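Quick caveat: nothing in here was measured; it's all calculated off a predicted structure. Indexing begins at 1, ligand by ligand and atom by atom, following the structure's order. These values consider heavy atoms only, across backbone and side chains, with no hydrogens, waters or symmetry-generated copies.
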Amino acid sequence: MCGIIGYIGNRDIIPILIEGLKRLEYRGYDSAGIAVLEKGRISLRRAEGKIALLEKLIKQKPVSGSAGLGHTRWATHGRPSEENAHPHRDCTGTIVIVHNGIVENYLELKEKLKKKGHRFRSETDTEIIAHLIEEQYCSGAAFRRTNSLEQAVRRALKEIRGSYALGIISSKEPGRIIAARSGSPLIIGLGKGENFIASDVPAILAHTRRIIYLNDGEFAVLTREGVDITKADGRKIIGKELDGRITAVAWKAGAAEKEGYRHFMLKEIHEQPRAIEDTIRGRISPDKAEVHLEELDLSTQKIKSIDRIIITACGTSWHAGLIGEYMLEDLVRIPVEVENAAEFRYRNPIIEKNTLVIAISQSGETADTLGAIREVREKNGTVVSICNVVGSTISRESDAVIYTHAGPEIGVASTKAFTTQLTVLYLLAIYMGKIRGFIRDAQARELIAELLKVPGIVKRMLGEEGKIIKLAEKFRKKTNFLYLGRGEGFPVALEGALKLKEVSYIHAEGYPAAEMKHGPIALIDKNMPAVVLALKGRRYDKILSNIEEIKARGGEVIALASEGDKELKKKADEVLYVPRTCVQLSPVLAVIPLQLLAYYIAVKRGCNPDQPRHLAKSVTVE
Ligand code: M6R
């Protein structure tokens, strides 16, 4: 979704804002803009389209200063255009704001403000906020009461229903940036003689790793010298409490760079061996029969008493949850349900004393997953989240967090987050399975030994991209794909289809292979290739029959086969071999060729897989 960066210090602000905005590109956007405090006034530069156009505009009409705001906009209210791009101004142009989120009562507020004489320049909900602040800041009575921007913002925010992360500056108080958060993520970066705000860590990673994550209802005033934070209850955070809020982000500055890869998506696919290794590191005992998940923070007694698990998530994280269901039911023998977070949160779900809810989210900011967590906690349920971003809202609002150590995932298409989520689910299943007595030491040792082989196997698979690049060339002009799988192969099929559609815009559907005869088989013809997950295992013979059915109807089959399977070569048109591992880990390996296939098809079709149209990296509004 939209991206925010703000800076106050002594350096030239333009490269800081532009580089910061570029680091936020992955969130998805359709226009960009900056506001700079310059000689007692605020200069705006905004452009529809890519940041390169904004840069061009700044070259044509230079601007300079050392305090200001930048924004990438992902349209919700009002089409993508220069007028609708942020920052937005009040009538006088003395107050300028950037905003992520949605003002739900904006029409009602707009009418009210129009009657008071305010004129609007855009179709956005955001512009209302600038005018509301103006109303509080500049109007006679209020101005006489206080001319503080801080007070004016506080009063204005009381009128807003909806979600916001806000950065605000005023030419009347050039030495400060106001920041506020409710429902949309916002962080503060602490520097020396300079401070930052941003919607996400990568925007400011090149300048500081000392981060404060604002909580909902919190309000901050940044100057060059320091930051003042006020809690929702009006209390100032000072001293040790403030120090305790500072997170040292461990990600290296280069982690948010492409490091020689053409796209972040490809870099992140290739980072999976390292990411999986990092996620395992420190969680396995030296004798390799124990998993350590102290961060789970649930007593042995509590784990023994759990009689139902609900996994909730969105998108790729939901697919990881669907695979987690197989792992947990196999290894822990507790019934598991997997729920799309957006559906779950509004269904008045039944959460009992012994229900454990596992929320999965790469970003830790997905609005629906967060909504689901809040719903569960309101019902006194226990939530453990699996999350990649340390300090994110979901991690803070859960009872416990198990972090994936994937490093920053910038590509909109989730890849390394998925395989590390599966790694955590697998570790969790062994951990709980042992506590509940379903897994003995010998089996744990075998399961862990298999997991330890995974990074090396993935590395080997990634070294064999050539075959996939050829396949991408062969299939790049197709307009429809089916992805079929059985058992844990079914969620992998869903994930393969999602990857292809989001980065290449080819229509693709994932189905349980058995469901074919209930409808989708009618689609099969020479123009509808089917990617079939046909790894050796319990359901192998059945999937072979499905392949025969497709071939008999003139369809083309790309099969994912277990290494050494000669039979499939005779039946399928194309075969991609997947090394053997245990059934629970097979999705981690099977998804690798599907990620690569989606990536290369997208690139060969001329699509930019890092910034797919209409998509945002983290969906922070409903
Ligand atoms: O940050 P989250 O894991 O909560 O995000 C969930 C989905 O928005 C995300 O997985 C999305 O589906 C990706 N674009 C998939 O590649």
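- Two rings, from His507 and Phe481, have their centers 6.0 Å or more apart.
- Annotation for Ala417 and Gln362: closest pair CB-CG, 3.3 Å, computed over non-hydrogen atoms.
- For ligand 1, the polar-atom distance check finds an N/O of Ser317 within less than 3.5 Å of one of the ligand's N/O atoms.
- Below 4.0 Å from some heavy atom of Lys499 lie the following atoms of ligand 1, by number and element: 15 (C), 16 (O).
- Legend: ring pair (Phe, Tyr, Trp, His ring centres under 6.0 Å) pairs involving residues 584-622, not counting sequence neighbours, sorted by first then second residue: His263-Tyr599.
- In this structure, Lys477 places its NZ atom where only 12 or fewer heavy-atom neighbours from other residues, nucleotides or ligands lie under 6.0 Å away.
- Under the rule for a side chain to side chain contact (heavy atoms under 4.5 Å, CB included), the partners of Leu589 that lie at least two apart in sequence or sit in another chain are Val454, Ile457, Val458, Met461, Val578, Pro579, Thr581.
- Annotation for ligand 1: atoms under 4.0 Å from non-hydrogen atoms of Ala413 are 16 (O).
- Under the 4.5 Å side-chain criterion, counting only non-hydrogen atoms from C-beta, Asn480 is not in contact with Leu523.
- Heavy-atom contacts of Val412 reach the following atoms of ligand 1: 13 (C), 14 (N), 16 (O) (cutoff under 4.0 Å).
- Ligand-side atoms of ligand 1 in range of Gln362: 1 (O), 2 (P), 3 (O), 4 (O), range being under 4.0 angstrom from any heavy atom.
- Looking at Gly315, Cys314, Ser392, it is Cys314 that brings a heavy atom closest to atom 6 (C) of ligand 1.
- Protein heavy atom at the shortest distance from atom 1 (O) of ligand 1 is Ser363 OG, 2.6 Å.
- Annotation: atom 9 (C) of ligand 1 to nearest protein heavy atom, Thr316 N, 4.0 Å.
- The side chain of Glu502, and not its backbone, has at least one atom closer than 4.0 Å to an atom of ligand 1 (non-hydrogen atoms only; side chain from C-beta on).
- Here the closest non-hydrogen pair linking Ala493 and Gly485 is CB-N, 3.9 Å.
- Here Leu597 contributes atom CG and Glu574 contributes atom CD; the two are 10.5 Å apart, rounded to the nearest 0.5 Å.
- Considering each of Asn388, Leu370, Val619, the one bringing a non-hydrogen atom nearest atom 8 (O) of ligand 1 is Val619.
- Distances from atom 2 (P) of ligand 1 to the heavy atoms of Thr366, Val503, Thr404 show the closest one on Thr366.
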